[in-house]
Amino acid sequence: MRSSVVHPITRHNDQTSCGIRVPIIHVDFDEQQETVGIEMIPKGSGSENGSFLQMLLPSDGINAVKRFVIDRVIDLGGRVCPPTIVGVGIGGTSDLCMHLAKIAATRPLRTACADPEGARIEAELSRAVNELGIGPQGLGGRATSFAVHVEVAATHITQNPVAVNIQCHSARRARATITPGGIAFA
């Protein structure tokens, strides 16, 4: 890994790829006993610069959510190295919504949102984004995104947050599962 982590104010680089609160490590728990899954999903800054949050009003409706996502993809054009995976978070609080968008952006291809309404919006947005004509590297065409992934969370009745987080075409990942029987890599 190249040492590209700097102090946010001084821009000093310690050449360690680490810094205040970085690397970011998330721990989730599930029902699998005696099993630890470790997944690494490196994400580049070029695509991370394609991150946005909007706190919509409930009266804006789902069309405002779709418009926000599509407008952000249009604004980014080829700057995020399409074809991409467009991660969309809908609901929760502002920080949870941004986290949901990151989860969505880094979810494996050919997976669908567990929520039926979220899955429906994924399909609609995937078609719409690929009709924008941005294409690979912004050179035109109908392959702007491999997929639009959506993750949702319940939210307060007075708000409707939506977040976008882009994953570039390389979408690297590595996984290891540790059990009493050994370690499996995927």
Side-chain angles (χ1 to χ4, degrees), residues 1-30 32 34-55 68-69 71-90 92-111 129 134-141 143-151 153 161-186:
M1 290 179 29
R2 68 178 179 219
S3 297
S4 55
V5 174
V6 299
H7 187 280
I9 298 169
T10 67
R11 309 304 288 177
H12 176 75
N13 187 335
D14 286 329
Q15 301 295 312
T16 63
S17 293
C18 297
I20 300 168
R21 298 184 176 152
V22 171
I24 299 166
I25 299 171
H26 293 282
V27 178
D28 293 320
F29 296 91
D30 63 24
Q32 294 182 345
E34 298 186 6
T35 301
V36 174
I38 300 171
E39 186 171 32
M40 182 186 77
I41 307 171
K43 193 157 180 330
S45 177
S47 64
E48 190 68 7
N49 283 334
S51 300
F52 306 93
L53 172 71
Q54 180 72 49
M55 299 300 285
F68 177 76
V69 173
D71 285 351
R72 298 300 69 79
V73 173
I74 291 169
D75 291 346
L76 290 167
R79 292 192 324 244
V80 289
C81 300
T84 63
I85 301 169
V86 179
V88 179
I90 304 172
T93 58
S94 59
D95 56 331
L96 176 56
C97 192
M98 287 298 295
H99 182 67
L100 292 172
K102 178 78 62 89
I103 289 170
T106 56
R107 203 174 75 210
L109 290 171
R110 292 178 291 286
T111 61
V129 163
I134 296 168
Q137 300 303 312
L139 298 174
T144 301
S145 181
F146 292 119
V148 176
H149 287 166
V150 172
E151 293 292 330
V162 60
V164 170
N165 184 270
I166 305 289
Q167 174 67 307
C168 66
H169 65 275
S170 58
R172 297 169 293 261
R173 64 186 333 112
R175 174 187 284 272
T177 303
I178 305 167
T179 66
I183 301 173
F185 298 95

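Count residues from 1 along the sequence. As the structure is a computational prediction, the values presented were derived from the model and not from experiment. In what follows, every heavy atom counts, from backbone to side chain, and hydrogens, waters and symmetry copies are set aside.
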**OP:** Compare every heavy atom of M98 with every heavy atom of F52, then report the nearest pair and how far apart it is.
**Re:** O-SD, 3.6 Å
Original post:
Who pairs with R173 by salt bridge (charged side-chain N to carboxylate O under 4.0 Å, His left out), at least two apart in sequence or on another chain?
Top reply: E39
Subject >> Polar side-chain atom of D14 near backbone of G19 as donor-acceptor pair, under 3.5 Å >> reply: no
**OP:** Work out which heavy atom in V164 is nearest to a heavy atom in F68; give both atom names and the distance.
**Re:** CG2-CE2, 3.8 Å
Original post:
How far apart are the closest heavy atoms of S17 and S3, and which atoms are they?
Top reply: OG-CA, 3.4 Å
**OP:** Of all the heavy-atom pairs spanning S4 and N13, show the shortest one and how long it is.
**Re:** CA-ND2, 4.2 Å
Residues 74-85 side chain polar contacts: donor-acceptor under 3.5 Å, at least two apart:
residue: D75; atom: OD2; partner: R72; partner atom: NE; Å: 3.3
residue: D75; atom: OD2; partner: R72; partner atom: NH2; Å: 2.7
residue: R79; atom: NH1; partner: D75; partner atom: O; Å: 3.4

Subject >> CD-CG distance between Q167 and N165, expressed to the nearest 0.5 angstrom >> reply: 8.0 Å
Original post:
Nearest heavy-atom pair of M55 and P161: which atoms, and what distance?
Top reply: SD-CB, 3.4 Å
**OP:** Please list, chain by chain and in numerical order, all residues satisfying side-chain hydrogen bond (donor to acceptor under 3.5 Å, both in side chains) with T177, sequence neighbours excluded.
**Re:** none
Subject >> Exceeds 12 heavy-atom contacts within 6.0 angstrom, atom CD of Q15 >> reply: yes
Subject >> Contacts of D95 that satisfy salt bridge (charged side-chain N to carboxylate O under 4.0 Å, His left out) - sequence neighbours left out >> reply: none
Subject >> Within residues 101-111 or reaching into it, pairs that qualify as side-chain hydrogen bond (donor to acceptor under 3.5 Å, both in side chains) - sequence neighbours excluded >> reply: E48-K102, R107-T111, R107-E122, R107-E151
**OP:** Go through the structure and list residues passing side-chain hydrogen bond (donor to acceptor under 3.5 Å, both in side chains) with N49, not counting sequence neighbours.
**Re:** none
**OP:** Using atom types as modelled and distance alone, determine if a side-chain donor or acceptor of S170 lies under 3.5 Å from a backbone N or O of R172.
**Re:** no
Subject >> Value rounded to 0.5 Å, distance of CD1 in I38 from CZ in F185 >> reply: 9.0 Å
**OP:** State, yes or no, whether a side-chain contact exists between L100 and I90 at a heavy-atom distance under 4.5 Å.
**Re:** no
**OP:** Looking only at non-hydrogen atoms, find the nearest pair between V88 and V148 and report the distance.
**Re:** CG2-CG1, 3.9 Å
